[in-house]
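Notes follow once the structure below has been shown.
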Amino acid sequence: MTPASDTALAVNAWFRANARDLPWRRPGFGPWGILVSEFMLQQTPVVRVIPRLEEWLERWPTPHALASTPQSEAVRAWGRLGYPRRALYLHGCAVAITERHGGIVPETVSELLALPGVGEYTARAVAAFAFGHRHPVVDTNVRRVLARAVGGVADPGPPSTRRDLAAMAAELPEDRDEARVFNAGVMELGAVVCTARSPRCDACPLRETCRWRAAGYPEYTGPARVVQKRFEGSDRQVRGLILAELRASHRPVTAAEIAALWPDAVQLERALAALVADGLAVPAEPGSYALPE
DNA sequence: AACCCGGGGCT
DNA sequence: AGCCCAGGGTT
């Protein structure tokens with residue numbers, strides 16, 4: 001067997017000594033818990049996820065339990081985690097797992113990819129962390145660490161799934177357990193040491209071999225990264241206001257109540273129509289809306 | 001490839 | 001006032 005690279009040895013030793021004590025790393029946390037955690041962690045920081053995850057798993061400890069619950073309850077329990085479509089997708093996962101997989105979370109990347117809201121990252125994360133399979137797992141942290149330590153640049157630039165997975169695969173140890181630890185370790189390194197803003201290079205296990213450090217920390221020169229639109233005044237804010245009203249009310253919300261949420265009637269209608277199109281709101285009594293059952 | 005989708009905390 | 005966050009779906 002090919003010996004693990006110096007990079008992998010350094011990362012794995014560092015991770016074994018420095019890993020944060022996170023709920024989904026507890027022994028026996030289980031594939032369902034891992035899957036729920038990965039959904040919540042999509043674009044949402046760890047510290048915001050932990051309390052919501054524990055509530056969620058206490059209430060719905062199995063896919064069958066969630067599948068037996070109306071979508072509306074999943075959306076309410078999602079609260080203000082953001083991107084509420086994830087609550088709908090996760091409910092859809094629970095239904096699919098119950099109907100197609102006998103209530104057991106599937107193990108293979110292709111089966112996981114077939115679930116709603118599961119993409120390249122989440123499928124590999126579940127296969128690797130819940131089942132110990134050897135796959136490259138690439139998230140925003142991994143992309144940044146590889147760009148710096150291996151690529152010698154400050155920032156990975158626009159994501160390319162094929163290229164990013166190949167870059168991680170090239171560093172992945174042959175041994176399954178070492179590969180699993182390496183995947184988690186590189187993510188952790190990006191999350192707590194090789195951060196986007198202020199990397200703590202003095203504490204990095206790769207500081208002696210990092211090509212970005214060796215090159216003198218050149219600034220990013222790639223294509224300009226897309227700037228996220230301002231949230232204040234955006235359709236996203238308006239959707240959030242409407243959905244908060246739907247979550248808070250246990251009877252249909254009237255058009256007049258919705259109209260009071262935002263001054264711009266055109267934008268309000270656009271946001272409401274988008275929520276209906278996404279399945280997050282459904283017409284109830286004439287002129288009223290509710291969460292999906 | 002570009003765009004849309006929440007919301008909060010940090011710099 | 002931006003930037004960033006264990007991404008995914010649609011066009």
Side-chain angles (χ1 to χ4, degrees), chain A residues 15 19-20 22-25 33-53 75 78-90 92-93 112-130 135-145 154-165 168 180 183-192 194-199 220 222-244 246-247 270-271 273-275 277-281:
Chain A
F15 182 70
R20 289 172 294 176
L22 300 173
W24 44 91
R25 292 178 182 162
I34 301 277
L35 180 62
V36 174
S37 76
E38 294 299 348
F39 264 85
M40 292 186 170
L41 288 163
Q42 291 171 4
Q43 292 290 283
T44 304
V46 166
V47 290
R48 289 182 58 199
V49 163
I50 290 174
R52 189 69 59 182
L53 175 66
V75 173
W78 198 258
R80 306 181 65 82
L81 266 188
Y83 295 142
R85 288 188 293 198
R86 292 182 291 168
L88 246 36
Y89 290 145
L90 187 49
C93 281
L112 288 161
L113 278 173
L115 298 173
V118 174
E120 296 288 355
Y121 164 75
T122 303
R124 286 178 170 74
V126 172
F129 301 140
H135 297 290
V137 179
V138 175
D139 75 331
T140 187
N141 293 304
V142 172
R143 295 192 336 104
R144 184 175 54 251
V145 171
D155 186 285
S160 161
T161 298
R162 182 176 297 276
R163 172 175 59 77
D164 297 337
L165 284 174
M168 187 59 174
R180 178 184 57 75
N183 277 315
V186 177
M187 288 175 64
E188 184 81 348
L189 195 57
V192 305
C194 192
T195 58
R197 291 288 189 88
S198 308
Y220 177 67
R225 294 188 291 105
V226 288
V227 287
Q228 184 171 318
K229 273 177 57 180
R230 177 185 186 81
F231 180 67
E232 293 295 324
S234 68
D235 284 9
R236 298 160 90 166
Q237 183 184 20
V238 181
R239 286 170 55 113
L241 290 171
I242 298 170
L243 199 58
L246 295 178
R247 284 197 309 264
R270 185 170 65 235
L275 286 174
D278 284 349
L280 284 164

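Each chain gets a letter, A, B and so on, in the order the sequences are listed, and its residues count up from 1. Worth knowing before you read on, the calculation uses all heavy atoms, side chains too, and leaves out hydrogens, waters and symmetry mates. Since the structure is predicted, the reported quantities are computational estimates derived from the model, not experimental observations.
Legend: residues meeting side-chain contact (heavy atoms from CB on, under 4.5 Å) with A:Arg247, ordered by chain and number and at least two apart, are A:Val75, A:Arg76, A:Arg80, A:Leu243, A:Ala244, A:Leu291. In this structure, A:Gln43 has no side chain to side chain donor-acceptor pair (under 3.5 Å) partners at least two apart in sequence or on a different chain. Among residues two or more places apart in sequence or in another chain, the side-chain contact (heavy atoms from CB on, under 4.5 Å) test is passed with A:Ala196 by A:Arg144. With sequence neighbours excluded, the residues that form a salt bridge (Lys or Arg N to Asp or Glu O under 4.0 Å) with A:Asp278 are A:Arg85, A:Arg239. Annotation: side-chain contact (heavy atoms from CB on, under 4.5 Å) contacts of A:Ile50 (sequence neighbours excluded): A:Leu22, A:Pro23, A:Trp24, A:Val46, A:Glu54. In this structure A:Glu188 satisfies the salt bridge (Lys or Arg N to Asp or Glu O under 4.0 Å) test together with A:Arg20, A:Arg25, sequence neighbours excluded. Residues that satisfy the salt bridge (Lys or Arg N to Asp or Glu O under 4.0 Å) test with A:Arg180, not counting sequence neighbours, are A:Asp177. With sequence neighbours excluded, the residues that form a side-chain contact (heavy atoms from CB on, under 4.5 Å) with A:Arg52 are A:Met40, A:Glu55, A:Leu81. A search for salt bridge (Lys or Arg N to Asp or Glu O under 4.0 Å) contacts involving A:Arg163 returns nothing, not counting sequence neighbours.
Ranked by how close their nearest DNA chain B nucleotide is to the 5' end, A:Leu275 and A:Pro159 are led by A:Pro159. Both A:Lys229 and A:Ala244 lie near DNA chain B, and the one whose nearest nucleotide falls closer to the 5' end is A:Lys229. Nearer to the 5' terminus of DNA chain C, by closest-nucleotide assignment, is the contact made by A:Glu38 (compared with the other of A:Leu113 and A:Glu38).
Separating the P atom of B:dG8 from that of C:dG8 is a span of 22 Å, rounded to the nearest Å. Taking atom C1' on both B:dG7 and C:dT10, the two are 22 Å apart, rounded to the nearest angstrom. Using C1' as the reference atom, C:dA6 and B:dC3 are 22 Å apart when rounded to the nearest Å.
In this structure, A:Val118 reaches the sugar-phosphate backbone alone: every heavy-atom distance under 4.0 Å involves primed, P, OP1 or OP2 atoms, never a base. Contacts of A:Leu243 with the nucleic acid, taken as non-hydrogen atoms under 4.0 Å apart, are absent. If you check every strand for non-hydrogen atoms under 4.0 Å, A:Gly119 touches sugar and phosphate atoms only. Among the atoms of the strands shown, none is found under 4.0 Å from any heavy atom of A:Trp78. A:Thr195 comes within 4.0 angstrom of no nucleic acid atom, judged by non-hydrogen atoms across all strands. The residue A:Arg144 sits close only to the backbone: its heavy atoms come under 4.0 Å of sugar-phosphate atoms, none of a base. A:Arg225 comes within contact range of the sugar-phosphate backbone alone, with a heavy-atom separation under 4.0 Å but no base atom that close. Looking at heavy-atom distances under 4.0 Å, A:Gln228 makes contact with a base. Using a 4.0 Å heavy-atom cutoff across all strands shown, A:Ile34 reaches no nucleic acid atom at all. A:Pro158 comes within 4.0 angstrom of nothing in the nucleic acid, heavy atoms only. Here A:Ala125 lies out of heavy-atom contact (under 4.0 Å) with every strand. Residue contacts shown for A:Arg197 include a base, since a base heavy atom lies under 4.0 Å away.
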Side chain to side chain contact (heavy atoms under 4.5 Å, CB included) between A:Val145 and A:Val142, intermediate numbers included: CA-CA 5 Å; A:Val145 171; A:Val142 172; 5.9 Å; no
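How far CZ of A:Phe15 is from CG of A:Asn183: 10.0 Å, rounded to the nearest 0.5 Å. In this structure, the separation between CG on A:Leu241 and CD on A:Gln237 is 5.5 Å, given to the nearest 0.5 Å.
By the 4.5 Å heavy-atom criterion applied to side chains, A:Met168 and A:Val186 are counted as neighbours.
Mapping heavy-atom proximity under 4.0 Å, the span of DNA chain B touched by chain A runs 5' to 3' from B:dC5 to B:dT11. Running 5' to 3' along DNA chain C, contacts with non-hydrogen atoms of chain A at under 4.0 Å begin and end at C:dG2 to C:dG9.
Against DNA chain C, the stretch residues 39-48 of chain A makes heavy-atom approaches under 4.0 Å through A:Leu41, A:Gln42, A:Gln43, A:Pro45, A:Val46.
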